[in-house]
Protein chains: 2
Amino acid sequence: MDADKRMRLEAAGWAVGDASNFLGLTEAEAELVELKTRLALFAKEQRKMSNMSQDALAKKMGSSQSRVAKIESGDPSVSLDLIVRALLTSGVTRQELAQVIVDSN
Amino acid sequence: MDADKRMRLEAAGWAVGDASNFLGLTEAEAELVELKTRLALFAKEQRKMSNMSQDALAKKMGSSQSRVAKIESGDPSVSLDLIVRALLTSGVTRQELAQVIVDSN
DNA sequence: CGTAGTTATGTCAAATATGACATAATATTA
DNA sequence: TAATATTATGTCATATTTGACATAACTACG
């Protein structure tokens with residue numbers, strides 16, 4: 001919808017800091033953007049931690065190198081589902097996932 | 001199934017003991033499905049907790065009553081993004097979200 | 001230097017998710 | 001009971017997300 005497009009713009013270019021009011025983002029929408037951004041960074045960390053190339057992870061999770069790159073760069077075309085799949089495939093536990101969510105922001 | 005076969009299967013990356021492999025799901029995919037299911041139930045709980053009808057929540061998050069129903073029933077057409085948006089819109093904190101993730105399964 | 005390995009970026013057809021709508025089913029309340 | 005509110009289910013056109021591909025941009029090492 002409209003809000004999603006706005007979320008996209010913000011995640012793509014506009015400082016992810018806190019432009020909540022800027023384009024009329026809901027509190028929840030802004031929080032989700034921040035959460036996804038944080039998880040994206042964590043995904044990159046954890047893949048490296050497990051000594052996999054983007055291509056290796058991609059194959060393991062049935063995706064492609066370019067999409068893994070997009071996951072890790074916080075590309076707005078990437079769903080939360082895909083980010084979490086990447087994390088779980090990298091061996092991240094629910095506990096670690098939860099920790100990142102608590103620390104987010 | 002004997003221990004040897006189990007060991008061989010598990011070494012090859014298969015979880016033995018649930019329906020994951022039967023459905024052709026990787027471990028990560030199965031874990032994601034379980035996570036989403038748990039979050040869906042939690043979403044229903046929390047909406048009720050905040051005394052909103054599905055229609056009220058739908059309006060607040062820019063969705064529709066029928067989609068909120070699908071969120072809460074664990075409909076496979078619902079993304080994790082949408083589930084989390086529903087949760088955050090219902091006033092769930094990151095801490096509570098994390099707690100559910102840890103407890104999942 | 002070159003070259004092999006890895007990561008980033010753009011594009012696109014196909015797959016999937018979405019809100020909206022109708023309407024059925026089930027609660028709730030007068 | 002009936003009337004009303006709420007929730008469930010199915011469908012569909014549209015929007016978004018996807019893997020795949022090409023290729024550019026690094027990185028590391030001989």
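Note that the structure is a prediction, hence the values are computed from the model and not measured. Proteins get letters first, then strands, A, B, ... in listed order; numbering begins at 1 in each.
Closest-nucleotide positions on DNA chain C for B/Gln65 and A/Ala69 were compared, and the one nearer the 5' end corresponds to A/Ala69. Looking at which nucleotide of DNA chain D each of B/Met52 and B/Lys70 is closest to, the 5′-most match is held by B/Met52. Taking the nucleotide of DNA chain D with the nearest heavy atom to each of A/Gly62 and B/Val68, the more 5' of the two is matched to B/Val68.
Across all strands shown, B/Lys44 has heavy atoms under 4.0 Å from sugar-phosphate atoms exclusively, and none from any base. Looking at heavy-atom distances under 4.0 Å, B/Ser77 makes contact with a base.
An OP1 or OP2 oxygen of D/dG19 is reached within less than 4.0 angstrom by a side-chain nitrogen or oxygen of A/Ser63. Distances shown here put a side-chain N or O of B/Arg47 below 4.0 Å from the OP1 or OP2 atom of D/dT7.
Between the C1' atom of D/dT7 and the NZ atom of B/Lys59 lies a distance of 14 Å, rounded to the nearest Å. Remark: P of D/dT16 and CG of B/Asp81 are 13 Å apart, rounded to the nearest angstrom. Atoms CZ (A/Arg67) and C1' (D/dT18) sit 6 Å apart, rounded to a whole Å. Straight-line distance from the CG atom of B/Leu32 to the P atom of C/dA17: 11 Å, rounded to whole Å. The nearest whole Å value for the distance from the CG atom in B/Asn51 to the P atom in D/dT7 is 11 Å. The distance from atom CD1 of B/Ile71 to atom P of C/dT18 is 8 Å, rounded to the nearest whole Å. Distance CG (A/Asp55) to P (D/dA20): 10 Å, rounded to an integer number of Å. If you take CG of A/Asp75 and C1' of C/dT11, they are 12 Å apart, rounded to a whole angstrom.
Using modelled atom types, one finds a donor on one side chain and an acceptor on the other under 3.5 Å when comparing B/Ser77 with B/Asp75.
Counting only heavy atoms from C-beta outward, the side chains of A/Leu97 and A/Leu39 approach each other to under 4.5 Å. Two residues are said to be in side-chain contact when any heavy atoms from C-beta on lie closer than 4.5 Å; A/Glu31 and B/Arg94 meet this criterion. In this structure, the side chains of B/Met61 and B/Ile71 come closer than 4.5 Å at one or more pairs of heavy atoms.
A donor-acceptor distance shorter than 3.5 angstrom exists from the side chain of B/Asp81 to the backbone of A/Leu80, with no hydrogens or angles considered.
Each of C/dT9, D/dT18, D/dG10 was ranked by its minimum atom distance to the side chain of A/Ser66; first place goes to C/dT9. The side chain of A/Gln54 has C/dT7 as its nearest neighbour among C/dG19, D/dT7, C/dT7.
The base of C/dC21 has none of its N or O atoms less than 3.5 Å from a complementary donor or acceptor on the side chain of B/Ser64.
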